[in-house]
Amino acid sequence: MSDRRAVARLRDVAEAAGVSVTSVSRYLNGSLNLPDETASRIDTAIKTLGYRPNPHARSLSLGRSNTIGLVIPDIANPFFAQLAASVEAAADDRGLGVLLCATLNRAGREHEYLERLRRNHVDALLFITNHPDDGSLAEAIGGEPRIALLDEDIVGTKVPKVFSDNFGGGYAATAHLVEAGHRRIAFLGGPREMMSTRDRMAGCRKALSEAGSDADLVAATYGDYSIAQGRAAAENLLGKLSGATAVIAASDGMAVGLMEVLVERSLTVPGDLSIVTFDDVEPVHLFNPPLTAIHQPVAEMGRRGVEIVARQARGETPPSDVEHLACTLIARASVATPANKPGRTRLNQRRNQHASH
């Protein structure tokens with residue numbers, strides 16, 4: 001025979017204390033004040049019976065799961081992985097669980113996770129997309145009171161939003177290159193329709209306009225933020241004879257792809273081409289040379305997002321405006337002056353060779 005005692009139930013506590021099950025339940029969740037003598041009887045019964053409240057059942061009785069959802073495009077992407085880690089840490093500080101919802105950047109999966117919110121599988125959603133919306137996602141989200149957007153906008157939604165200051169980052173990257181003497185700059189951007197790409201490009205153009213008439217954006221490419229896209233953009237850039245002396249890469253992955261092509265062509269950074277990357281989540285400080293980067297405030301973005309949805313989950317109304325978190329320029333060794341650099345002639349020779357093939 002087993003010597004294990006039966007697990008005490010709420011009903012057992014109520015019977016031992018001589019009160020109703022409802023009274024015990026409300027006493028435990030803090031919604032009922034009882035006379036000291038009655039409260040003492042309940043406490044004694046709980047201790048004697050070894051009763052342990054079921055936190056999941058208690059949450060359901062209150063209409064909450066104490067879990068937030070994090071809808072994220074690609075957990076393998078270092079930027080999104082770091083953002084997920086910051087959300088997990090911030091949620092844990094508040095006693096909240098996190099349901100990670102990886103969409104593979106597919107609209108169908110995004111809609112599926114929105115439905116989970118409506119079925120109360122989670123109390124609120126932090127939502128991140130990484131592709132242009134055809135309007136269906138904006139319509140599905142609308143003004144849903146338990147959603148906040150991180151990193152990228154979905155035009156037409158009226159929910160709290162926390163973004164990096166992409167305009168400021170694009171401006172800072174370009175101004176840094178201009179200060180180093182560069183006047184012909186190329187931009188390797190993300191998807192053309194995305195807010196992050198548009199704002200970074202706008203910041204870049206603003207800095208160039210302030211640099212004088214001889215400063216120019218000589219080439220711009222658009223695609224996803226992958227290493228493969230960085231390689232394709234580099235091939236395109238070097239084949240166009242653009243004369244660029246510096247490049248702004250819209251992600252660390254794109255910078256990696258760019259550098260792979262440069263190495264294959266025996267070109268150096270910054271001897272032949274200066275580079276500034278966005279994100280600073282890859283170990284770009286360990287590259288040869290360490291890459292100058294626009295550091296995105298990923299940890300702060302995750303923390304602020306959790307603060308907002310935690311308030312939403314409690315039925316409170318968080319700020320409905322858009323928050324832009326400042327980016328930081330981290331100057332390293334991938335930027336040098338282009339003036340009187342032998343490598344400039346060598347880079348142009350490489351371009352000419354490529355164009356003649």
Side-chain angles (χ1 to χ4, degrees), residues 1-72 83-102 112-127 141-148 150 159-160 162 299 302-320:
M1 294 179 59
S2 172
D3 60 356
R4 295 192 323 178
R5 291 181 299 174
V7 176
R9 300 168 300 173
L10 195 68
R11 181 180 293 108
D12 300 325
V13 174
E15 290 178 356
V19 296
S20 69
V21 172
T22 301
S23 294
V24 176
S25 177
R26 293 184 60 195
Y27 171 70
L28 291 177
N29 67 35
S31 64
L32 177 65
N33 292 319
L34 293 172
D36 291 344
E37 189 271 335
T38 305
S40 178
R41 291 205 315 270
I42 294 175
D43 292 338
T44 300
I46 289 173
K47 183 176 181 180
T48 302
L49 296 171
Y51 173 73
R52 294 182 180 179
N54 184 329
H56 181 64
R58 180 183 176 188
S59 296
L60 291 178
S61 70
L62 296 174
R64 296 197 302 267
S65 67
N66 287 331
T67 301
I68 61 173
L70 174 62
V71 177
I72 203 163
L83 183 53
S86 70
V87 167
E88 181 74 38
D92 185 65
D93 288 342
R94 291 164 177 76
L96 298 173
V98 177
L99 176 65
L100 183 62
C101 310
E112 176 186 336
Y113 290 125
L114 285 172
E115 188 59 30
R116 289 194 179 191
L117 172 66
R118 295 189 175 96
R119 292 175 182 172
N120 292 322
H121 292 180
V122 293
D123 296 333
L125 275 183
L126 283 170
F127 201 97
I141 292 174
E144 167 64 53
R146 295 181 294 159
I147 290 181
L150 298 183
V159 297
V162 184
R303 183 192 65 78
R304 184 67 188 118
V306 171
E307 288 180 357
I308 290 172
V309 294
R311 292 180 59 182
Q312 290 175 322
R314 294 193 299 266
E316 301 175 13
T317 302
S320 59

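Counting from 1, the numbers follow the sequence of the chain as shown.
Residues satisfying the side-chain hydrogen bond (donor to acceptor under 3.5 Å, both in side chains) criterion with Asp43, sequence neighbours excluded, are Tyr27. Residues satisfying the side-chain hydrogen bond (donor to acceptor under 3.5 Å, both in side chains) test with Glu37, not counting sequence neighbours, are Arg41. Listed by chain and residue number, Arg119 satisfy the salt bridge (charged side-chain N to carboxylate O under 4.0 Å, His left out) test with Glu115 (two or more places apart in sequence, or in another chain). For Arg116, the side chain to side chain contact (heavy atoms under 4.5 Å, CB included) partners are Leu99, Glu112, Tyr113, His121, not counting sequence neighbours. Arg94 meets the salt bridge (charged side-chain N to carboxylate O under 4.0 Å, His left out) test with Glu307; sequence neighbours excluded. Scanning for salt bridge (charged side-chain N to carboxylate O under 4.0 Å, His left out) contacts around Glu144 gives Arg146, with sequence neighbours left out.
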Validation: residues 13-22 side-chain donor-acceptor distances under 3.5 Å, sequence neighbours left out:
unit_1 : atom_1 : unit_2 : atom_2 : d
Ser20  : OG     : Ser23  : N      : 3.1
Ser20  : OG     : Ser23  : OG     : 2.9

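Using modelled atom types, no side-chain atom of Asp93 and backbone atom of Ala90 make a donor-acceptor pair closer than 3.5 Å. Between the side chain of Ser86 and the backbone N or O of Leu83 there is at least one donor-acceptor pair closer than 3.5 Å. Using a distance-only test at 3.5 Å, with no hydrogens or angles considered, no donor-acceptor pair links the side chain of Ser40 to the main chain of Asp36.
Of all heavy-atom pairs spanning Gln312 and Pro145, the tightest one is NE2-O, 3.2 Å. Of all heavy-atom pairs between Gly302 and Val87, the closest is CA-CG2, 3.8 Å. Residues Asn66 and Asp123 share a closest heavy-atom pair of N-OD2, 2.7 Å. Of all heavy-atom pairs between Ala91 and Ile68, the closest is CB-CD1, 4.2 Å. The minimum heavy-atom distance between Ala148 and Val309, with the atom names listed, is CB-CG1, 3.9 Å. Here the shortest heavy-atom pairing between Ala8 and Leu49 reads CB-O, 3.6 Å.
The side-chain contact (heavy atoms from CB on, under 4.5 Å) with Leu150 is formed by just one residue from the set Leu126, Ile308, Ile72; it is Leu126.
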Verify side chain to side chain contact (heavy atoms under 4.5 Å, CB included) between Ile147 and Leu114, making sure each step is shown before the conclusion. CA-CA 9 Å; Ile147 290 181; Leu114 285 172; 3.4 Å; yes
